[in-house]
2 protein chains.
Amino acid sequence: VLNAEGLRKEYRMGQHLVQALREIRLTIDEGEFVAIMGPSGSGKSTLLHLLGGLDQPTDGEITLVGKQVSRLSDKQATLVRRRNIGFVFQFFNLLPTLSAEENILLPLIIDGKRPKAFRARLDEILDRVGLQDRRTHRPDQLSGGEQQRVALARALITKPAILLADEPTGNLDTQTGTAIMRLLQDSARELRQTIVMVTHDPRAAAFADRVVLLRDGSIVEELVFDLE
Amino acid sequence: VLNAEGLRKEYRMGQHLVQALREIRLTIDEGEFVAIMGPSGSGKSTLLHLLGGLDQPTDGEITLVGKQVSRLSDKQATLVRRRNIGFVFQFFNLLPTLSAEENILLPLIIDGKRPKAFRARLDEILDRVGLQDRRTHRPDQLSGGEQQRVALARALITKPAILLADEPTGNLDTQTGTAIMRLLQDSARELRQTIVMVTHDPRAAAFADRVVLLRDGSIVEELVFDLE
Ligand SMILES: Nc1ncnc2c1ncn2[C@@H]1O[C@H](COP(=O)(O)OP(=O)(O)OP(=O)(O)O)[C@@H](O)[C@H]1O
Ligand SMILES: Nc1ncnc2c1ncn2[C@@H]1O[C@H](COP(=O)(O)OP(=O)(O)OP(=O)(O)O)[C@@H](O)[C@H]1O
Ligand SMILES: [Mg+2]
Ligand SMILES: [Mg+2]
């Protein structure tokens, strides 16, 4: 459902070239739960953004639900992404003027849906992320971990086929983090959702079927968990 | 060197009152390394901001290097803070238009110092946080963990008497995180620095002399490590 072939990403800094990703090949099947780990600066966020079509590679190709992203117009790529992908950003990207629940409902509103029809789903997701009594708070009235959970709820509310999550438990204590991982696991199972999660937390990675290790822009190792 | 007595912080949200901190009493001695842990939303960042004079309590008093913060004018409080405290924010607060090294030098410039005189210190700190080859990058050209390390370097460059750090390893892999903790430990020892660090990471907390556990706005437990 997600494929990267010969993927490269460079940034030119004056005289000097930063190789954020060098020749990445990665195939992810429908319903798989993949964790991406690696040192700070190794290219994880870059890879996730390319997989989600939020950025263009320097070279190589991303194939997303059967479509080659580089061959789509901006408009087509945006539609494919909105219909299929939920994205949790490393630093959330919440709208500062909207409350937690408004931020969460936003993807539905953008999709032309009417929020009232999703009241039950909103309630359930607020429950699962533990934010029922913070639903009216704006981002600047929320703790770091609370903002992170709003970002996750927002990515899940449309029940996307693919969830791309950049360090979804980075600002959470162990207990809250585990609750969040169970939510992801349940969501994946009941929706046959594909999950690609960047994480520094081995405990979070343990929920995945497969761990891909990045170092300095390349995949250096893959670990498969075969416990059924 | 840092004391909180009867500290309370409330936020009014319409009909409803959020008790972010309820009656906190905390004493931190010079040279101590204290970790503050607790669930997401338990009041850790709130406590750290009050300790650093970045926010006013609803009730109670903060005493900082012998001065009662509530009795100081805004201007006096700012001076006390700038001369004594280095602060690492949970979401960094870097200036987007400045490079990594310019962001790091900023406290010195604000202090009226000439950056050229601190060339060696800047080099050493860039080395210790592993950002020598990212020094010219602006925040939007840095990974999450790289931005976090810039924020830490900026807080350390003035060799402050007190370091207040809000989750300084939250966006770092284990290896980089350990390097950062060793940097904090060395800095504390050679400068007799007092460190108060909020963290979700038990491995980071293990570097502290004492762990204070918050839950729902109150201190519920303290653990002291007596290994010498
Ligand atoms: N716009 C840019 N210009 C130049 N270099 C960049 C740019 N964006 C990212 N980089 C560099 O590319 C590398 C990979 O960045 P990326 O954000 O993917 O790392 P990461 O693995 O997510 O790290 P972290 O765990 O710290 O979040 C980093 O070393 C970073 O400095
Ligand atoms: N301006 C505000 N208005 C209303 N409530 C607030 C405001 N700022 C913080 N809060 C609430 O106060 C509580 C404590 O916030 P704080 O940021 O101190 O938590 P924290 O322990 O740092 O959490 P985390 O580990 O998630 O960063 C949270 O439940 C938050 O929703
Ligand atoms: Mg990243
Ligand atoms: Mg916090």
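Chain letters run A, B, ... following the sequence lines, proteins first and then strands; every chain starts at 1. Worth knowing before you read on, the calculation uses all heavy atoms, side chains too, and leaves out hydrogens, waters and symmetry mates. If you're wondering where the values come from, they're calculated on a predicted model, not measured in any experiment.
The CD1 atom of Ile162(A) lies 5.5 Å from the OG1 atom of Thr194(A); values are rounded to the nearest 0.5 Å. Atom OG1 in Thr158(B) sits 10.5 Å away from atom CZ in Arg82(B) (nearest 0.5 Å).
Leu156(B) has its side chain within reach of Gln193(B): a pair of non-hydrogen atoms, C-beta onward, lies under 4.5 Å apart. The shortest side-chain heavy-atom distance between Ile24(A) and Leu50(A) does not fall under the 4.5 Å cut-off.
Neither the backbone nor the side chain of Gln148(A) comes within contact range of chain B, judged by heavy atoms closer than 4.5 Å. Contacts between Thr136(B) and chain A at a heavy-atom distance below 4.5 Å involve backbone atoms as well as side-chain atoms. Proximity to chain B is limited to the side chain of Ser143(A), based on heavy atoms less than 4.5 angstrom apart. Only the side chain of Phe91(B) comes within contact range of chain A, with at least one heavy atom under 4.5 Å from a heavy atom of that chain. Neither the backbone nor the side chain of Thr46(A) comes within contact range of chain B; no heavy atom of the residue lies under 4.5 Å from a heavy atom of that chain. In this structure, chain A has a heavy atom under 4.5 Å from the side chain of Phe92(B), while its backbone stays farther away. Ser45(B) does not touch chain A: none of its heavy atoms, backbone or side chain, sits under 4.5 Å away. Contact annotation for Glu167(A): only side-chain heavy atoms (C-beta onward) come within less than 4.5 Å of a heavy atom of chain B.
Taking Thr174(A), Thr199(A), Val18(A), Asn171(A) one by one and counting their heavy-atom pairs under 4.5 Å with chain B, the maximum is reached by Asn171(A). Between chain A and the residues Ser42(B), Gly41(B), Gly130(B), the largest count of heavy-atom pairs under 4.5 Å involves Gly41(B). Of all the listed residues (Gly145(B), Ala20(B), Ser40(B)), the one sharing the greatest number of non-hydrogen pairs under 4.5 Å with chain A is Ser40(B). Top candidate by heavy-atom pairs under 4.5 Å with chain A, chosen from Met37(B), Gln175(B), His137(B), Gln147(B), is His137(B).
Partner Glu146(A) forms a salt bridge (charged side-chain N to carboxylate O under 4.0 Å, His left out) with one of Arg138(A), Arg134(A), Arg135(A) and no other, that one being Arg134(A).
Looking only at atom types and distance, the side chain of Thr27(A) has a donor-acceptor partner in the side chain of Asn3(A) under 3.5 Å away. For the residue pair Ser187(A) / Arg128(A), no side-chain donor-acceptor distance below 3.5 Å is found, with atom types taken as modelled. Side chain to side chain, Glu10(B) and Thr58(B) fail the donor-acceptor criterion of an N or O pair below 3.5 Å.
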